[in-house]
Amino acid sequence: MDLNANMLEVARRQAPTGVEAELEWRVGEAGSLPCADAEFDIVLCQQGLQFFPDREGALREMHRVLKPGGLVGICVWRAIEHSPCHFAIAEALSRHVGDDIAQRFQSPFSFGHADALIATMAGAGFSDVDVRVEIVRRRLLPPEESVPGLLASTPVGREFASLDNIARDAVIRDVAEALSSYRDNEGLKVPQPTNMAFARK
């Protein structure tokens, strides 16, 4: 399910062939799921919760559509200081653009500490909340290509795109320098720690 029908079209094109389970693609909002009460055994939300405007409401909806004893799995980024790429971008934005845009860039990391995630999930009615950290190694293009693309998908994408060349190049240059130890012949390979939370209804 996604709010954006175009993203569902992308998902359909990426779906593996020969999958035994039947897939149904639904357009809908996380805060008002187009699903019946107790319809599912498992609900998965991967790297979405931190972007929802009403996170508590979204979690209550996940709880509603789960069967009693059903499992929820939530993936959100760990605190930004554990993410070298995003941390480098936030620092560069603060230096060359301003603290306001740097702070807004960091908003998707609001569940970076396990305690906040556990408390919010428990408040939505989930029990036995367990959070563990997994580290994915992200393959990125060189900074001059990957930084603008990455920023385009964030809350400050439009502001970054509207910067003059001097400020934009300064941000990219600083990020490239900060991530130099993660560079190889293909670009960058950086760790992206994720909080993975599992709980029961």
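In what follows, every heavy atom counts, from backbone to side chain, and hydrogens, waters and symmetry copies are set aside.
Taking all atoms of both residues into account, the shortest heavy-atom contact from Phe87 to Glu81 is CD1-CA, 3.9 Å. For the residue pair Phe160 and Pro148, the shortest heavy atom distance occurs at CE2-CA, 3.9 Å. Nearest heavy atom pair, residue Ala38 against residue Pro68, reads CB-CD, 4.4 Å. The two residues Ala102 and Ala90 come nearest to each other via the heavy atoms CB-O, 3.6 Å. The two residues Asn4 and Asn6 have their closest heavy-atom pair at OD1-N, 2.8 Å. The shortest non-hydrogen separation linking Ser146 to Leu141 is OG-O, 3.0 Å.
Residues Val156 and Val97 share a hydrophobic cluster, clusters being chains of Ile/Leu/Val/Met/Phe/Trp/Tyr side chains in contact below 4.5 Å. In the hydrophobic clustering of this structure, Val76 does not group with Phe105; members are Ile, Leu, Val, Met, Phe, Trp, Tyr whose side-chain heavy atoms approach within less than 4.5 Å, directly or through other members. A chain of hydrophobic side-chain contacts below 4.5 Å, direct or via other Ile, Leu, Val, Met, Phe, Trp or Tyr residues, connects Ile80 to Leu140. Follow the hydrophobic side-chain contacts under 4.5 Å out from Met196 and you never reach Val43; the two are in separate clusters. Cluster annotation: Phe52 and Leu66 are assigned to the same hydrophobic cluster (Ile/Leu/Val/Met/Phe/Trp/Tyr, side-chain heavy-atom contacts under 4.5 Å, transitive).
Within the 4.5 Å cutoff, the side chain of Pro191 has no heavy atoms near those of the His82 side chain. Between Val72 and Met121 there is a side-chain heavy-atom pair separated by less than 4.5 Å. Counting heavy atoms from C-beta on, the side chains of Phe40 and Cys35 come closer than 4.5 Å. Residues Leu188 and Pro143 have side chains in contact (heavy-atom distance under 4.5 Å, counting atoms from C-beta outward). Counting heavy atoms from C-beta on, the side chains of Val175 and Glu177 never come closer than 4.5 Å. Residues Trp77 and Gln47 have side chains in contact (heavy-atom distance under 4.5 Å, counting atoms from C-beta outward).
In this structure a side-chain-to-backbone donor-acceptor pair under 3.5 Å is present from Arg200 to Gly69. A donor-acceptor pair under 3.5 Å is absent between the side-chain atoms of Asn195 and the main chain of Arg78, judged by distance alone. One N or O on the side chain of Thr120 and one on the backbone of Ala116 form a donor-acceptor pair closer than 3.5 Å. In this structure a side-chain-to-backbone donor-acceptor pair under 3.5 Å is missing from Arg95 to Asp174. Side-chain atoms of Arg60 never come within 3.5 Å of backbone atoms of Gly125 as a donor-acceptor pair (strictly under, hydrogens ignored).
For the atom pair Leu3 CG and Glu29 CD, the distance stands at 6.0 Å (nearest 0.5 Å). In this structure, the separation between CH2 on Trp25 and CD on Glu9 is 9.5 Å, given to the nearest 0.5 Å. Interatomic distance, CD of Glu134 versus CZ of Arg132, reported as 7.5 Å (0.5 Å rounding). Here CE of Met62 is found 4.0 Å from SG of Cys45. Values are rounded to the nearest 0.5 Å. Going from atom CG of Leu44 over to atom CE of Met1 covers 12.0 Å, rounded to the nearest 0.5 Å. Atoms CD1 and CG, from Ile74 and Leu117 in turn, are 7.5 Å apart once rounded to the nearest 0.5 Å.
Residue pairs that meet the ring-ring contact (aromatic ring centres under 6.0 Å, His included) test with at least one member in residues 116-148, sequence neighbours left out, are His63-Phe126.
With respect to His86, the side chain to side chain contact (heavy atoms under 4.5 Å, CB included) criterion is satisfied by exactly one of Gln192, Glu91, Gln106: Gln192.
In this structure, Arg173 has no salt bridge (charged side-chain N to carboxylate O under 4.0 Å, His left out) partners at least two apart in sequence or on a different chain.
A salt bridge is absent between Lys189 and Asp184; no separation between the charged side-chain nitrogens and carboxylate oxygens falls under 4.0 Å. A salt bridge between Glu39 and Arg26 is present, with a side-chain N of the basic residue lying under 4.0 Å from a carboxylate O of the acidic one.
The hydrophobic cluster containing Val10, built from Ile/Leu/Val/Met/Phe/Trp/Tyr side-chain heavy atoms closer than 4.5 Å, comprises no other residue.
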